[in-house]
Amino acid sequence: MKAKFLPCCLVFFLAASVAAQAPGAPGGDAVWLTAAKEGVGTTASLKSKVWLTLARGVLTEIYYPNVTTANVQMLQFFVFDPARGKVETEFDDAIVKTESLPLQPKAKKPVSLTFRQRTTSRDGRWEIEKIYVLDPGSDSVLFTVSFRHQNPNTELFVYFDPSINNTGMHDTATASSKSLIAYEGDVAAALRCGNCRMDLASAAFSGVNDALTQLRRNGKQTETFDRAENGNVVLTARVSPANARAEDPLLFALSFGRTPSEAEETGQSALEKGFERIRLDYETEWGQYLDSLPATERRYRAQFLMAAMVLKAFEDKAVRGGNVASLSIPWGGGLNANEDVGGGYHLIWARDLYHVFTAFLAIGDRPAAERALNFLLEIQQKSDGSFPQNSWLDGRPGWGSLQMDEVGYPLVMAWQISRFDHKTYRKHIKPAADFIVRNGPATPQERWEEESGYSPSTIAAEIAGLVCAADIAKRNGDFQSAANYLKTADDWESKIEKWTATTTGKYGDGNYYLRITQNGRPDAGDPIGLKNGSGTYDEREIVDAGFLELVRLGIRRPDDPLIVKSLKIIDQLIRAETPNGPGYYRYLHDGYGEMDDGRRWNWDGTYRGKGRLWALLSGERGEYEIALSNSLDRRGGSRQLAAARSRLDHMLGFSSDTFMLPEQVWDKRSLPVRIDRLFLPDLQWGKGTGSATPLAWSMAQFLRLATNIAAGRNLETPAVVYRRYAGRPGKN
């Protein structure tokens with residue numbers, strides 16, 4: 001490889017002129033890549049404050065110095081054939097395979113967040129293999145690159161497109177044969193190679209004069225630039241082996257710091273430590289964590305372990321308990337990423353954190369569960385007792401609305417881990433419960449974050465929260481507040497159907513739960529305007545399975561006649577079959593998802609989409625079946641437990657080859673590969689879409705369902721709520 005590669009490179013080097021400052025600022029629009037991540041990674045310990053994501057054969061967003069701040073749009077390699085004047089990139093022109101690597105070659109389960117990407121040209125002329133690990137001792141990502149090709153004159157380039165501080169603009173870049181550096185404010189990134197030459201290094205503006213644009217436009221690179229300031233910058237360099245062992249993988253470090261020099265020094269130290277030593281440290285840490293987890297069935301073990309690691313990885317290293325919903329921005333977050341799109345899904349929702357909390361309890365990681373509750377109470381809770389729709393790590397509200405279920409869930413969490421002390425009650429529990437009494441049961445937004453009114457799922461969380469708060473109040477001697485909370489909860493419990501169940505509907509016998517009623521009048525036929533361009537409908541037409549929260553939280557029995565009737569409507573209207581089993585839509589006429597031809601949903605509402613199947617809803621149905629199994633005789637109970645297990649199988653089928661569970665699942669025949677940054681390549685029937693992947697809620701739901709099946713009951717159902725309502729003698 002070396003003997004034939006370098007002479008061509010030297011000739012090409014003479015053809016390119018060098019200029020200090022790149023013209024053409026600010027460059028083309030930045031675009032976040034697909035949210036369908038094939039891998040995520042960070043260290044199990046706390047010193048390193050870097051998180052990576054992988055998608056479509058390339059490295060995508062990297063987060064630093066916290067789990068909410070993305071700094072990379074893409075790092076990939078591209079291949080240039082001077083004789084043919086042809087350039088091919090990993091992202092646009094390759095066949096991709098990503099694998100989760102076990103520590104032992106024969107193992108059938110992951111033991112760390114270690115991933116290998118293979119990208120192969122469509123004509124088979126070249127292949128690139130990369131393995132990624134993170135350094136537990138520094139803010140560095142290390143990866144090896146093996147390049148195999150048929151044409152000895154083929155040239156390999158690295159392409160680094162930073163997006164520092166959650167934006168694609170405002171970055172400054174410098175390029176040399178030593179380092180490719182980008183920075184903005186107090187965040188800097190440096191890419192270095194430990195055993196290769198980097199020539200033709202250039203810092204330029206995306207789509208204007210970067211090396212890839214030059215090669216595509218002119219068939220050659222005519223200019224290189226030392227520096228590009230204040231724009232959407234791209235860093236490139238041609239790479240080749242710098243030692244006699246040309247067959248050895250190239251070793252790169254992408255490192256971070258508060259200044260360019262700090263980032264460079266961090267990278268150099270990591271390279272000197274070496275890939276094998278860092279990989280051993282990295283995988284040993286994760287192995288120790290996995291050894292602490294409970295056993296599960298062999299069929300589900302790999303998915304179980306990956307789900308647990310992902311949930312742990314989504315927690316910030318400095319602000320403990322701050323677990324984001326996903327390290328992604330679904331569908332790229334709009335037409336461009338020039339400015340911050342509001343955090344995407346790398347923010348903290350109290351609802352998602354509740355589900356993560358219950359998963360941590362289910363797998364025995366109580367300290368992580370306690371940290372999650374601490375974050376909600378000590379950082380996110382507002383002075384009036386409520387919780388924001390979502391927030392940044394410092395508690396600043398993100399998207400600005402209020403969802404009443406997110407005020408109820410922290411009260412359930414506190415009860416579940418026996419947070420009964422007087423300080424917590426007075427400072428956090430009582431203010432939240434008082435807020436629910438004053439402002440419920442209607443909510444400005446329900447759990448799908450789109451509509452206001454009376455929602456079965458929201459009311460279930462409010463009632464459960466009040467009952468849990470009442471028990472905590474009694475333990476603190478505040479009997480007056482306890483009585484008030486229970487009186488309110490009982491009143492709302494008696495009116496759930498009055499507010500949310502129609503008797504004049506168009507489905508079945510007309511009597512079933514609705515997704516939401518704006519005014520608490522389920523028989524009125526009030527028009528409801530659905531979001532995402534979905535249209536306006538009679539409220540009685542719009543159903544979802546949110547009423548199952550009434551069962552899961554212990555407010556209604558699973559064999560309650562209205563629950564059973566409503567489930568039949570759900571199966572009729574919002575269930576769809578896939579090769580990996582049936583799935584469920586959020587609600588009828590949902591518009592949050594790709595269009596039928598694969599075009600993405602846009603955050604700015606330009607495109608009208610269609611909501612696709614949600615993987616976590618299969619898990620919710622499985623938990624209902626567990627609850628039902630406990631109310632039947634042995635034979636019936638066994639059948640329902642088997643049905644719950646089948647839901648776990650469906651979720652397993654929806655997962656990717658690297659065990660990443662998506663937010664949404666494609667519900668149609670597979671579409672052919674479409675290589676475009678605005679579209680998700682290769683939508684496969686029964687697999688994830690361009691939605692958030694992996695989604696913490698989905699991963700948590702898998703862990704919880706698997707653990708509950710093994711236990712034969714839903715462990716997160718608060719007993720104090722169940723005893724008062726669903727478990728009450730004679731309760732139908």
Side-chain angles (χ1 to χ4, degrees), residues 39-54 58-67 69-77 101 112-117 130-145 158-165 171 173-176 178-184 186-196 198 235 237 239 248-286 309 312-313 315-318 327:
V40 298
T42 191
T43 60
S45 57
L46 302 182
K47 183 174 182 179
S48 172
K49 295 178 175 58
V50 176
W51 293 257
L52 67 78
T53 67
L54 306 173
V58 305
L59 192 155
T60 52
E61 295 97 294
I62 291 187
Y63 295 81
Y64 166 88
N66 59 59
V67 78
T69 305
N71 299 288
V72 174
Q73 180 177 310
M74 173 167 57
L75 194 155
Q76 66 166 336
F77 290 82
L101 293 184
S112 75
L113 296 175
T114 305
F115 296 92
R116 174 169 56 205
Q117 290 180 316
K130 296 167 291 187
I131 298 176
Y132 301 87
V133 298
L134 292 98
D135 182 10
S138 72
D139 295 323
S140 298
V141 177
L142 265 73
F143 57 98
T144 58
V145 180
V158 63
Y159 176 97
F160 175 29
D161 185 350
S163 291
I164 306 296
N165 270 328
D171 298 342
T174 62
S176 69
K178 179 181 177 182
S179 301
L180 304 179
I181 297 172
Y183 58 93
E184 178 192 336
D186 59 355
V187 174
L191 179 69
R192 299 171 65 90
C193 185
N195 60 350
C196 65
M198 293 199 304
L235 290 146
V239 297
D248 287 349
L250 305 179
L251 175 60
F252 289 85
L254 180 57
S255 303
F256 295 83
R258 291 164 294 182
T259 64
S261 59
E262 182 178 292
E264 278 192 296
E265 292 169 4
T266 298
Q268 184 58 37
S269 296
L271 290 170
E272 291 172 358
K273 191 183 301 183
F275 183 80
E276 292 305 323
R277 177 183 168 187
I278 286 175
R279 180 176 181 179
L280 179 60
D281 293 345
Y282 177 65
E283 294 184 341
T284 297
E285 282 188 352
W286 277 114
M309 286 191 289
K312 183 175 176 64
E315 182 181 6
D316 192 68
K317 303 293 183 70
L327 291 176

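Quick caveat: nothing in here was measured; it's all calculated off a predicted structure.
Of the possible donor and acceptor atoms, none in the side chain of Gln73 sits under 3.5 Å from a partner among the backbone N and O of Ser163. Under the 3.5 Å distance criterion, the side-chain polar atoms of Asp135 are left unmatched by any main-chain donor or acceptor of Ile278. Between the side chain of Trp51 and the backbone N or O of Thr69, no donor-acceptor pair lies under 3.5 Å. Looking at Asn195, its side chain does come within 3.5 Å of a backbone N or O of Leu251 through a donor-acceptor pair. In this structure a side-chain-to-backbone donor-acceptor pair under 3.5 Å is present from Thr53 to Glu61. Checking side-chain atoms of Lys317 against main-chain N and O of Thr43 turns up a donor-acceptor pair under 3.5 Å. A donor-acceptor distance shorter than 3.5 angstrom exists from the side chain of Asp171 to the backbone of Ile164, with no hydrogens or angles considered.
Counting heavy atoms from C-beta on, the side chains of Phe160 and Leu254 come closer than 4.5 Å. Side-chain contact between Arg279 and Thr144 is absent, with no heavy atoms from C-beta onward closer than 4.5 Å. Inter-residue side-chain proximity for Pro249 and Val145 is flagged as unmet; no heavy-atom pair is nearer than 4.5 Å.
Judged as a side chain to side chain contact (heavy atoms under 4.5 Å, CB included), and not counting sequence neighbours, the contacts of Thr284 are Leu280, Gln288. Residues passing the side chain to side chain contact (heavy atoms under 4.5 Å, CB included) test with Ala175 are Leu180, Ala201, Ala203, Leu235, sequence neighbours excluded.
When all heavy atoms of Arg192 and Ser179 are compared, the closest pair comes out as NH1-OG, 2.8 Å. Here the closest non-hydrogen pair linking Lys130 and Val58 is NZ-CA, 4.0 Å. Minimum heavy-atom separation, Ser255 to Ser140: OG-OG, 2.8 Å. Closest approach of Gly137 to Lys47, counting heavy atoms only: O-CE, 3.2 Å. Heavy-atom minimum distance, Leu134 versus Pro136: O-CD, 3.2 Å. For Leu75 against Val72, the heavy-atom pair with the smallest separation is N-CG1, 4.2 Å.
Under the ring-ring contact (aromatic ring centres under 6.0 Å, His included) criterion, the residue pairs touching residues 256-281 are Tyr64-Phe256, with sequence neighbours excluded.
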CA sep, side-chain torsions, deciding dist, call: Ile62, Asn71, side chain to side chain contact (heavy atoms under 4.5 Å, CB included): CA-CA 6 Å; Ile62 291 187; Asn71 299 288; 5.5 Å; no

From CA spacing to verdict: ring-ring contact (aromatic ring centres under 6.0 Å, His included), Phe252, Phe77: CA-CA 12 Å; Phe252 289 85; Phe77 290 82; 5.5 Å; yes

Does Tyr132 form a ring-ring contact (aromatic ring centres under 6.0 Å, His included) with Phe143? I'd like the steps, not just the answer. CA-CA 4 Å; Tyr132 301 87; Phe143 57 98; 5.5 Å; yes

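To the nearest 0.5 Å, atoms OG1 (Thr259) and CD1 (Ile181) are separated by 9.5 Å. Taking OH of Tyr282 as the start and OG1 of Thr114 as the end, the distance is 5.0 Å to the nearest 0.5 Å. With values rounded to the nearest 0.5 angstrom, Thr266 atom OG1 is found 11.0 Å from Leu271 atom CG.
For the 3.5 Å distance criterion, the side chains of Glu264 and Gln268 fail to qualify, holding no donor opposite an acceptor. Looking only at atom types and distance, the side chain of Ser138 has no donor-acceptor partner in the side chain of Lys273 under 3.5 Å away.
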